[in-house]
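To start, the structure itself, in structure tokens.
Sequential numbering from 1 along the given sequence is applied to the chain's residues. The shown structure was predicted, so the numbers you read here are calculated from the model rather than taken from an experiment.
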Amino acid sequence: MHEGTLADRLGIEFVEAGPERVVGRMPVEGNTQPYGLLHGGASVVLAETLGSVGAAIHAGPERIAMGIEISATHHRAVTSGHVTGVATRVHAGRTLATYEIEITDEQGRRVCTSRLTCIFRDR
């Protein structure tokens with residue numbers, strides 16, 4: 001479903017996907033800024049991808065989910081390995097869904113906390 005998209009280019013892999021929780025991982029290598037640290041924008045792409053997938057599943061096949069607001073706080077640097085994101089639904093209505101996304105490194109340390117709100121529109 002995401003072949004040829006930004007998520008594909010960043011190497012995002014889905015581990016679990018449902019309307020209440022989506023889990024995915026992404027390599028640090030290839031997604032760094034010039035100092036060799038995981039790029040904050042890559043973390044935001046991971047967060048929005050995971051939250052949007054959950055919102056799309058909640059919306060169902062007759063509607064599409066579009067992100068309308070995202071925030072991210074970057075807590076620590078990562079230089080290698082993979083990061084894992086867990087998107088957990090905090091609100092699900094007829095027109096909006098909001099997810100909190102926690103991104104951690106391979107040692108389980110929080111790298112980034114993000115919050116995404118998606119709106120639903122008919123196809």
Report task. Start with the C-alpha gap between Arg21 and Glu16, add the side-chain angles, then the distance that decides, and say whether salt bridge (Lys or Arg N to Asp or Glu O under 4.0 Å) holds. Result -> CA-CA 8 Å; Arg21 177 180 150 102; Glu16 173 187 334; 3.1 Å; yes

Query raised in the report: Can Thr88 and Glu20 be said to form a side-chain contact (heavy atoms from CB on, under 4.5 Å), step by step?
Result: CA-CA 6 Å; Thr88 304; Glu20 295 181 18; over 6 Å; no

Query raised in the report: Does the side-chain contact (heavy atoms from CB on, under 4.5 Å) test come out yes or no for Val111 and Arg109, once each step is laid out?
Result: CA-CA 6 Å; Val111 172; Arg109 300 175 297 189; 5.8 Å; no

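Tracing side-chain contacts under 4.5 Å through hydrophobic residues (I, L, V, M, F, W, Y), one reaches Phe14 starting from Val44; they form part of the same cluster. Two different hydrophobic clusters hold Val22 and Ile64 under the rule that ILVMFWY side chains link at heavy-atom gaps under 4.5 Å.
Considering only residues two or more places apart in sequence or on other chains, Thr117 meets the side-chain hydrogen bond (donor to acceptor under 3.5 Å, both in side chains) condition with Thr98. Taking the ring-ring contact (aromatic ring centres under 6.0 Å, His included) definition, one finds that His58 meets it with Phe120, sequence neighbours left out.
Asp122 places no side-chain N or O within 3.5 Å of a backbone atom of Arg63 that could act as its donor or acceptor partner. Although no hydrogens or angles enter the test, the distance criterion places a donor-acceptor pair under 3.5 Å between the side chain of Gln33 and the main chain of Tyr35. Checking side-chain atoms of Tyr99 against main-chain N and O of Gly54 turns up a donor-acceptor pair under 3.5 Å.
Clustering of Ile, Leu, Val, Met, Phe, Trp and Tyr by side-chain heavy atoms under 4.5 Å joins Val23 with Val15, Val86.
Side chains of His75 and Thr113: a donor-acceptor N/O pair is present below 3.5 angstrom, by distance only.
Between the OG1 atom in Thr5 and the CD1 atom in Ile12 there is a gap of 7.5 Å [rounded to 0.5 Å].
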